[in-house]
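To start, the structure under review is shown below, and the notes come after it.
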Amino acid sequence: MGGLGEAHSALRGKGLGNRFRTSLLDRGTFSVTWELVPGRGAREKAQGKCLADAERAAQGGRLHAVTITDNPGGNPAIQAAALAGEILGTGIEPLLHLTCKDRNRNQLEGDLYALDRAGVKNLLVMSGDYPVGGWQGRSAPVFDLDPVQALGMIAAMNGGFEVPGLKGPIRHRPSDFFAGVAVSPFKATEAEQLAQYYKLDRKIAAGASFVVTQLGYDARKFHEIRQLMTSRYPGVPLVGNVYVLPYGAARLMHRNGVPGCVVTDKLLAELDRERQAADKGERARLQRAARLYAILKGMGYDGVHIGGHNLSYEQVESVIDEGEALASEWSDLLRHFDDPQPEGFYLYERDPRTRLNGERLRERKGRPSDAPVAWSYPFSRAMHRWLFEPQAPLFKLMRRICGAVEGSAGEGFFHKLEHLFKVLLFDCHDCGDCALMDVAYLCPMSRCPKHQRNGACGGSRDGWCEVYPGTRRCIYVLAYTRLKTHGAEELLGEGVVPPCHWDLYQHSSWINFYLGRDHAARRMGIPEVPKGKKN
């Protein structure tokens, strides 16, 4: 990343601040960004095109930032940070996608230091697509942190990161990151959709400064997240995703080949008809994007994020120009985006007069469950009441047993017995910092391929896991269904579950819990017993 600091200094010397942040926080400005996809390689055509596009956008002056993807689709690509400084040097702000799939927390911290030094401030923090390719085969997924936890790290850096030193704590100079997150309002089932919104609660609590929607074409769903944000987080800017959609990409998204992006049968058929035109559907694609731009501006969004394969700057400008021209008649355009998923769930009741949502929340009580509730859930709740609450009848006995067993000849047997029990019941991977209590007694380390401890990623489809479609349900769909049976589904949006503490790996999680050493014990106020000291 050599030379990035110099580029930043030169840019700041021109008197430019963070134009992207200003555009989102200034309610009189409609923020517009353009997504660039640098691709694989260091000096290939794709990287040159990204830089040329950024320079053209800087000269045009119509955009507030260009976004840089981070290994999109789970495939390797040039590190987005490597281009960010060069893009900053062209005179336009980069908005860097920062994903958790390929980095552990130390690498993420190091990357953030480098970005801070380079003057790259704007981040879109996401889980990232599960890896699908790599040199000599699929790479190992990392997912050491989830987006909520990564936001916690960024917030700590912005406050002046305190780290241990030889002579005591060292406090770093505060950074100035402007970090946002993604959310999908386009889920078809109640459990999936509410899991998205509860995770959004945690993201905003962890410090998200703006929100960008996932890709979809249902106006009522765009309106849904706008209503929700207005009622719950009126000060947090919301950006809508406007993707110029060709038939080939639509066909891939239709089968969930780009996880989280929703293209219905109806829309795919429209695109198939449009591509028969002499221009192969180009005009129709740009017009669709312009109409959506106008609708989002009319709905009160704070900006749009424009994307599309091989878009030129001139095409982006045409979407902006036509979208602005149509903005005053946005409600007349809603008929073009009346595109619900079959039996799709909406958070609000429909308003037949507007084609959008009314003010009243949809009644969810008594609706059919989106997943079965296994017998292990009531059993686990009963175990929790008897053993794992500090006031539980057997809590003190278990604490004494764990204190006596630790360090003794019987510790290994105790640990193996516990692990066998938890493997049979929960498919335990023995992380030692157990999150079962946080996810309705479902293990996010074994049953979620992305190890999401704070909520669902955006890649599921119809309740199925992105990585195992049709064979494994998203654990947050199961967790929501379980909690809803007791009216406790809002627990999925409360608090923040910290990352797994790997010093505890392959140690008894019961000992760690009862002796006050894991995150659940700290949350419940269980006093810690130092190692080597008997309780």
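Starting from 1, each residue takes its place in the sequence as its number.
Ring orientation note: the planes of Phe388 and His384 are close to parallel, at an angle under 30° on the 30°/60° scale. In this structure, Phe421 and Phe426 have perpendicular ring planes: the angle between them is above 60°, well past the 30° mark.
For the pair Lys221 and Tyr346, the cation-pi criterion (under 6.0 Å, within 45° of the ring axis) is fulfilled. A cation-pi contact links Arg473 to Trp464, judged by a cut-off of 6.0 Å to the six-membered ring centre and 45° from its axis.
A donor-acceptor pair under 3.5 Å links the side-chain atoms of Ser175 to the main chain of Asn158, judged by distance alone. At distances below 3.5 Å, not a single donor-acceptor pair connects side-chain atoms of Lys450 with backbone N or O atoms of Val142. In terms of modelled atom types and a separation under 3.5 Å, the side chain of Glu418 and the main chain of Ser508 share no donor-acceptor contact. In this structure a side-chain-to-backbone donor-acceptor pair under 3.5 Å is present from Arg399 to Tyr514. Here the side chain of Gln506 pairs no donor or acceptor atom with the backbone of Cys431 at under 3.5 angstrom. The main-chain N or O of Val373 is never found under 3.5 Å from a side-chain atom of Arg482 such that the two would form a donor-acceptor pair. One N or O on the side chain of Arg202 and one on the backbone of Leu492 form a donor-acceptor pair closer than 3.5 Å. Gln47 contributes a side-chain N or O that, together with a main-chain N or O of Gly39, makes up a donor-acceptor pair within less than 3.5 Å. Lys187 places a side-chain N or O within donor-acceptor distance of the main-chain N or O of Gly458, the cut-off being under 3.5 Å.
Between Tyr130 and Pro141, the closest heavy-atom pair is OH-CG, 3.3 Å. In terms of heavy-atom proximity, Leu95 sits nearest to Ala65 at CB-CB, 4.4 Å. Here the closest heavy-atom approach between residue Pro131 and residue Ser139 is recorded as CB-OG, 3.4 Å. Taking all atoms of both residues into account, the shortest heavy-atom contact from Asn256 to Cys261 is OD1-O, 4.5 Å. Here the closest heavy-atom approach between residue Leu425 and residue Ser380 is recorded as CD2-OG, 4.5 Å. The two residues Ala84 and Val120 have their closest heavy-atom pair at CB-CG2, 3.7 Å.
Remark: Lys484 does not engage Asp370 in a salt bridge, criterion side-chain N to carboxylate O under 4.0 Å. Taking a cutoff of 4.0 Å between a charged side-chain nitrogen and a carboxylate oxygen, Lys422 and Asp427 do not qualify as a salt bridge. Note on Asp70 versus Arg103: salt bridge recorded, some NZ/NE/NH1/NH2 to OD/OE distance being below 4.0 Å. The pair Arg461-Glu466 does not meet the salt-bridge criterion, since no charged nitrogen lies less than 4.0 angstrom from a carboxylate oxygen. In this structure, Lys121 does not pair ionically with Glu93, as no charged nitrogen and carboxylate oxygen lie closer than 4.0 Å. Using a cut-off of 4.0 Å between Lys/Arg side-chain N and Asp/Glu carboxylate O, Arg453 and Asp438 are scored as not salt-bridged. Between Asp302 and Arg226, at least one side-chain N (NZ, or NE/NH1/NH2) sits under 4.0 Å from a carboxylate O, which counts as a salt bridge.
A centroid separation of less than 6.0 Å is found between the aromatic rings of Phe210 and Phe178. Checked against a 6.0 Å centroid threshold, the rings of Tyr198 and Tyr476 do not count as neighbours. Between Trp510 and Phe513, the ring center distance fails the sub-6.0 Å criterion.
Here the CZ-CG distance, from Phe222 to Asn241, works out to 6.5 Å after rounding to the nearest 0.5 Å. With rounding to the nearest 0.5 angstrom, the SG atom of Cys100 is 12.5 Å from the CD atom of Gln107. Of the inter-residue distances, the one linking Leu96 atom CG with Leu83 atom CG reads 9.5 Å to the nearest 0.5 angstrom.
Summarising the local packing, CD of Glu494 is surrounded by more than 12 heavy atoms from other residues, nucleotides or ligands at distances under 6.0 Å. Other residues, nucleotides and ligands place more than 12 heavy atoms under 6.0 Å from the OH atom of Tyr113.
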If you apply the rule side-chain contact (heavy atoms from CB on, under 4.5 Å), what do you find for Phe20 with Ser31, and how did you get there? CA-CA 7 Å; Phe20 174 64; Ser31 181; 3.8 Å; yes
